[in-house]
Amino acid sequence: AGKPDALMMRLAVQQSASDGFRRNVALNRDTNGRDEFSARLRVTANPSPAWRWDGALLFSEVKNGFDEFALDNNGRRTFSDQPGRDEQRSKAASLRGTYTGFAGVRLTTVTGGNRVTSRYSYDDDWTAASYQGFSDLRRQRTVFSEEVRADSALTRGALGWADRWSLGAHFAGTDEDSAYTNEDPGNLRGLTTAYEARNAAVFGQVGHDISAQTRVIVGLRAERLDLDGRGTKTRFRKSRGTFDPVVTFQPAFDDTLLGGKLTLEHDLTPNHLAFASITRGYKGGGVNVDARINPPADPLTYATEYLWNYE
């Protein structure tokens with residue numbers, strides 16, 4: 001007899017379009033239209049009793065206009081002479097594998113990645129009766145991540161004192177490039193940026209049953225964060241026909257982050273739980289690569305934040 005759960009798939013495809021509920025009076029056409037397509041594929045494979053694989057693929061393409069605002073905020077008509085765009089193309093994939101062939105241990109690997117290209121632009125002054133102003137931001141972003149984890153399959157007496165345990169490692173890499181321009185009658189301003197982030201972490205958690213109703217849980221996470229950024233600002237003065245001096249800044253930030261928790265739980269009844277916990281969380285620092293940054297007056301990096309929580 002066949003095994004219907006050996007390979008299972010699901011495909012979803014969607015296409016939508018509309019006029020965007022706006023009419024551009026100045027250009028006498030629809031400039032806020034929507035044209036959005038997405039396709040998603042999910043696959044689950046069970047090639048053996050010990051292996052399970054779950055995969056996903058995504059493709060999305062958004063080709064929308066962006067002409068939303070009017071000075072009188074009427075909600076139906078716009079008057080811009082330089083309508084913008086709101087576009088994004090996304091490709092993403094993930095693969096999760098689970099192996100239960102080892103006695104008392106479950107192994108899991110999770111791999112993911114995506115690549116996104118986008119454009120966001122708009123008429124700065126919202127009207128044809130004012131100055132000519134237009135902003136345009138184009139961005140390309142690539143992300144990859146991998147996590148490997150081992151978990152105890154047993155819930156009692158898994159490893160000596162530890163009744164339950166988990167141990168794992170995580171890596172993530174992000175690369176992003178952007179190009180921004182802002183034009184008005186007197187100037188053409190530009191900013192190109194590059195951003196690179198690398199995160200590597202190890203983590204673990206153990207649980208011990210003091211009694212049938214009481215248990216203690218200890219978790220720790222250590223993470224290494226490395227960030228690099230680069231920004232180049234330009235300005236062309238149209239009336240003079242000259243460029244201002246180019247401004248370049250290259251912020252960098254790295255840190256080692258430590259977090260964890262200690263929790264005591266007690267079952268009062270089958271439906272009520274009492275607990276006390278001490279946790280230390282963190283939010284990693286970063287770099288600033290933004291058009292509004294004005295070095296050296298503005299900080300190019302910001303520090304890591306920690307939070308102790310007692311509950």
Side-chain angles (χ1 to χ4, degrees), residues 20 22 24-36 60-71 73 78-91 114-143 174-197 227-253 286-302:
R22 298 289 191 277
N24 189 299
V25 177
L27 301 178
N28 194 32
R29 58 186 174 91
D30 296 328
T31 53
N32 198 52
R34 300 290 186 263
D35 182 2
E36 302 179 358
S60 173
E61 187 162 31
V62 175
K63 297 184 290 184
N64 295 340
F66 186 70
D67 191 19
E68 291 273 357
F69 305 110
L71 295 177
N73 198 30
T78 61
F79 306 92
S80 58
D81 57 344
Q82 295 175 287
R85 300 293 298 171
D86 188 3
E87 301 176 347
Q88 179 173 300
R89 171 176 285 196
S90 304
K91 302 174 184 177
N114 65 75
R115 186 180 183 88
V116 179
T117 303
S118 64
R119 182 188 181 192
Y120 175 63
S121 61
Y122 56 91
D123 190 322
D124 285 351
D125 57 306
W126 303 352
T127 175
S130 180
Y131 69 95
Q132 294 287 315
F134 192 74
S135 291
D136 193 344
L137 174 62
R138 303 174 189 232
R139 179 181 289 131
Q140 182 171 282
R141 180 182 179 93
T142 304
V143 178
T174 301
D175 294 280
E176 181 178 299
D177 297 297
S178 69
Y180 170 75
T181 58
N182 173 255
E183 186 172 8
D184 60 43
N187 303 277
L188 176 59
R189 300 176 178 88
L191 173 70
T192 59
T193 67
Y195 174 79
E196 180 181 294
L227 305 175
D228 290 287
R230 185 177 68 253
T232 302
K233 295 176 65 174
T234 59
R235 181 177 182 179
F236 177 70
R237 298 181 183 269
K238 296 180 180 180
S239 60
R240 305 178 189 172
T242 61
F243 284 93
D244 285 2
V246 175
V247 178
T248 301
F249 44 98
Q250 294 182 285
F253 180 85
V287 298
N288 289 319
V289 282
D290 187 271
R292 294 161 291 186
I293 295 298
N294 184 30
D298 296 325
L300 295 179
T301 63
Y302 52 93

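Counting begins at 1 with the first residue of the sequence.
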Self-check item: Contact summary for F134 and Q82, nearest pair of heavy atoms
Solution: CE1-O, 3.3 Å
Quiz item: Using 4.0 Å as the upper bound for N to carboxylate O, is an ion pair formed by R22 and D30?
Solution: no
Quiz item: Under 3.5 Å, is there a donor-acceptor pair between the E68 and N32 side chains?
Solution: yes
Practice problem: Using atom types as modelled and distance alone, determine if a side-chain donor or acceptor of T78 lies under 3.5 Å from a backbone N or O of S80. | Solution: no
Exercise. With rounding to the nearest 0.5 Å, note down the distance linking CG in L188 to CG in N182.
Key: 8.5 Å
Quiz item: Any salt bridge between D228 and R230, counting N to O under 4.0 Å?
Solution: no
Practice problem: Taking ring-ring contact (aromatic ring centres under 6.0 Å, His included) as the test, write out the residues that go with Y120, two or more places apart. | Solution: F66, Y122
Quiz prompt | Salt bridge E61-R89, side-chain N to carboxylate O under 4.0 Å | solution = yes
Quiz item: Taking only residues two or more places apart in sequence, or in another chain, which ones meet R139 in a salt bridge (Lys or Arg N to Asp or Glu O under 4.0 Å)?
Solution: E176
Quiz item: Going by heavy atoms in the side chains, are D123 and D67 under 4.5 Å from each other?
Solution: no
Quiz item: With side chains defined as the heavy atoms from C-beta onward, is the minimum distance between D175 and R141 less than 4.5 Å?
Solution: no
Practice problem: Output all residues satisfying salt bridge (Lys or Arg N to Asp or Glu O under 4.0 Å) with D244, sequence neighbours left out; order by chain, then residue number. | Solution: R237
Self-check item: Residues Y302, N288; criterion side-chain contact (heavy atoms from CB on, under 4.5 Å); working and verdict
Solution: CA-CA 8 Å; Y302 52 93; N288 289 319; 3.8 Å; yes
Quiz item: Minimum heavy-atom separation for G65 to R34, with atom names?
Solution: O-NH1, 3.2 Å
Quiz item: Any idea which heavy atoms bring L300 and P251 closest together, and the distance?
Solution: O-CB, 3.5 Å
Practice problem: Determine whether V287 and Y195 make a side-chain contact, defined as any pair of heavy atoms from C-beta on separated by less than 4.5 Å. | Solution: yes
Exercise. Determine, step by step, whether R115 and T142 satisfy the side chain to side chain donor-acceptor pair (under 3.5 Å) criterion, reporting the C-alpha distance in whole Å, the side-chain angles of both residues, the deciding distance to 0.1 Å, and the verdict.
Key: CA-CA 4 Å; R115 186 180 183 88; T142 304; 3.1 Å; yes
Practice problem: Test D86 against V62 for side-chain contact (heavy atoms from CB on, under 4.5 Å), laying out the working first. | Solution: CA-CA 8 Å; D86 188 3; V62 175; 5.7 Å; no
Practice problem: Kindly compute the distance separating OG (S60) from CG (N114), expressed to the nearest 0.5 Å. | Solution: 11.5 Å
Quiz item: Shortest non-hydrogen contact from Q140 to T117?
Solution: OE1-OG1, 3.7 Å
Quiz item: Where do N187 and K238 come nearest, in terms of heavy atoms and distance?
Solution: O-CE, 3.8 Å
Quiz item: Hey, are D124 and S135 close enough side-chain-wise for a donor-acceptor pair under 3.5 Å?
Solution: yes
Exercise. Report yes if the side chains of R29 and P83 come closer than 4.5 Å at any heavy-atom pair, otherwise no.
Key: yes
Quiz prompt | CA sep, side-chain torsions, deciding dist, call: T232, L191, side-chain contact (heavy atoms from CB on, under 4.5 Å) | solution = CA-CA 5 Å; T232 302; L191 173 70; 5.7 Å; no
Quiz item: If every non-hydrogen atom of T193 is compared with every non-hydrogen atom of V289, which pair is closest and at what distance?
Solution: CG2-O, 3.9 Å
Quiz prompt | Spacing of R119 atom CZ and R85 atom CZ [to the nearest 0.5 Å] | solution = 7.5 Å
Quiz prompt | N64 and Q88 side chains, donor-acceptor separation under 3.5 Å | solution = no
Exercise. Under the side-chain contact (heavy atoms from CB on, under 4.5 Å) rule, what do L137 and S178 come out as? Steps first, then yes or no, please.
Key: CA-CA 7 Å; L137 174 62; S178 69; 4.2 Å; yes
Quiz item: Looking just at side-chain N and O atoms, do T181 and D136 make a donor-acceptor pair shorter than 3.5 Å?
Solution: no
